[in-house]
Amino acid sequence: MRRFRVAIMGSGGVGKSAIVLRFMNGEFLDMYDPTIEDSYRKQFDVDGQPCVLDILDTAGTDQYLTFNDLFIRDSHGLVLVFSLTQRDTLEDLYRVRQDIERLKASEGQHVPMVIVGNKTDLELYHDVRGVEGMKLAADAGCEYIETSARHNTNIDDVFAAVVRQIRIH
Ligand code: GTP
Ligand code: MG
């Protein structure tokens, strides 16, 4: 069975761990406990074909950002998350994208990835319009998916999308 390494990246508090834990065990993580680094493994069927996903849940807080290069180099695919309630978290992804370009795209390597706008359930607090997430994804040539870890909206779709991207390339 094919095994894919996927890293989930983005600023602190955007919901990376909540997305991963929702995917892994179907539960919502209500409490905020900043991640240092966690890894998970799950067998997952995409389009009728099984694969094993090794998911690396990374730290969003600044002091760990130096590891970004390592995660980008070492993964088959990336899930880049921002929060629809915090504009600066979308802007941070433009920087991550620059790192990706510098590390991989310059060598002509395509990087399978998905851009995720999380916390759709907090509509009252939205600070970013979906179209802006779409634009970032269009610039990066990848898919844009809006999720709610709280309501379990589109969570499996995120991982299916990144697996499809990896399989194509
Ligand atoms: P770091 O580990 O510091 O990088 O943060 P993170 O991106 O892993 O964020 P985390 O998943 O810990 O979530 C931060 C806070 O946002 C927690 O209190 C979560 O319960 C909350 N949260 C995450 N996803 C959602 C969501 O879809 N909706 C709502 N309402 N809250 C969410
Ligand atoms: Mg976390």
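Just so we're clear, the structure is a prediction, and the values are computed from it rather than from any experiment. Start at 1 and go down the list; that is how both ligands and their atoms are numbered.
Using 4.0 Å as the threshold, Ser11 has a heavy atom nearer than that to some atom of ligand 1.
Atoms of ligand 1 lying under 4.0 Å from any heavy atom of Pro34, numbered from 1 in the order shown and given with element: 2 (O), 3 (O). Near Ala18, the atoms of ligand 1 lying under 4.0 angstrom from a non-hydrogen atom of the residue are 11 (O), 23 (C), 24 (N). Counting the atoms of ligand 1 from 1 in the order shown, those under 4.0 Å from a heavy atom of Ala149 are 24 (N), 26 (C), 27 (O). The contact set between ligand 1 and Ser148, taken as ligand atoms under 4.0 Å from a residue heavy atom, comprises 27 (O). In the vicinity of Lys16, heavy-atom distances shorter than 4.0 Å reach the ligand 1 atoms 1 (P), 4 (O), 5 (O), 6 (P), 7 (O), 8 (O), 9 (O), 11 (O). Close approach to Leu122 involves these atoms of ligand 1, each under 4.0 Å from a residue heavy atom: 30 (N). Of all atoms in ligand 1, numbered sequentially from 1 with element shown, those under 4.0 Å from a heavy atom of Leu29 are 19 (C), 20 (O).
No donor-acceptor distance shorter than 3.5 angstrom exists from the side chain of Arg73 to the backbone of Leu103, with no hydrogens or angles considered. Counting only distance, with no hydrogens or angles, the side chain of Gln49 and the backbone of Val46 share no donor-acceptor pair below 3.5 Å. Judged purely by atom type and a 3.5 angstrom limit, Asp38 has no side-chain atom pairing as donor or acceptor with the backbone of Asp57. A donor-acceptor distance shorter than 3.5 angstrom exists from the side chain of Thr58 to the backbone of Ile8, with no hydrogens or angles considered. Judged purely by atom type and a 3.5 angstrom limit, Ser75 has no side-chain atom pairing as donor or acceptor with the backbone of Ile72. Under a 3.5 Å cut-off, the side chain of Asn154 and the backbone N or O of Thr147 do not form any donor-acceptor pair.
At a 4.0 Å heavy-atom cut-off, ligand 1 touches Val14 through backbone and side chain alike. Within the 4.0 Å heavy-atom criterion, the part of Asn118 lying near ligand 1 is the side chain and not the backbone. The parts of Thr35 lying near ligand 1 are both backbone and side chain, judged by heavy-atom distances below 4.0 Å.
Atom 5 (O) of ligand 1 has its closest protein heavy atom at Gly13 N, 2.9 Å. In terms of protein heavy-atom proximity, atom 31 (N) of ligand 1 is nearest to Phe28 CZ, 3.8 Å. Protein heavy atom in closest approach to atom 9 (O) of ligand 1: Gly15 N, 3.2 Å.
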Inset, instruction - Could you go through the side-chain hydrogen bond (donor to acceptor under 3.5 Å, both in side chains) check for Ser17 and Thr35 one step at a time? - result: CA-CA 7 Å; Ser17 299; Thr35 306; 2.7 Å; yes
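Here Thr58 does not reach the Mg ion (ligand 2): none of its N/O/S atoms is less than 2.8 Å from the metal.
Under 4.0 Å is where a charged nitrogen must lie from a carboxylate oxygen, and between Arg150 and Asp30 at least one such pair does. No salt bridge links Glu143 with Arg164; every basic N to acidic carboxylate O contact stays at or beyond 4.0 Å.
Nearest-heavy-atom check against atom 12 (O) of ligand 1 across Tyr32, Tyr125, Phe82 picks out Tyr32. Closest heavy-atom approach to atom 29 (C) of ligand 1 among the candidates Asp121, Thr147, Ile36: Asp121. Of the listed options Glu146, Arg150, Lys119, Lys119 places a heavy atom closest to atom 21 (C) of ligand 1.
Taking the six-membered ring where the residue is Trp, the centroids of Phe23 and Phe44 are separated by under 6.0 Å.
Below 3.5 Å of separation, one finds no N or O of Ala59 facing any N or O of ligand 1. An N or O contact shorter than 3.5 Å links Asp30 to ligand 1 by distance.
With Asp54 as reference, Arg3 is the one residue of Arg3, Lys42, His76 to meet the side chain to side chain contact (heavy atoms under 4.5 Å, CB included) rule.
Side-chain contact between Val6 and Val79 is present, with at least one heavy-atom pair separated by less than 4.5 Å.
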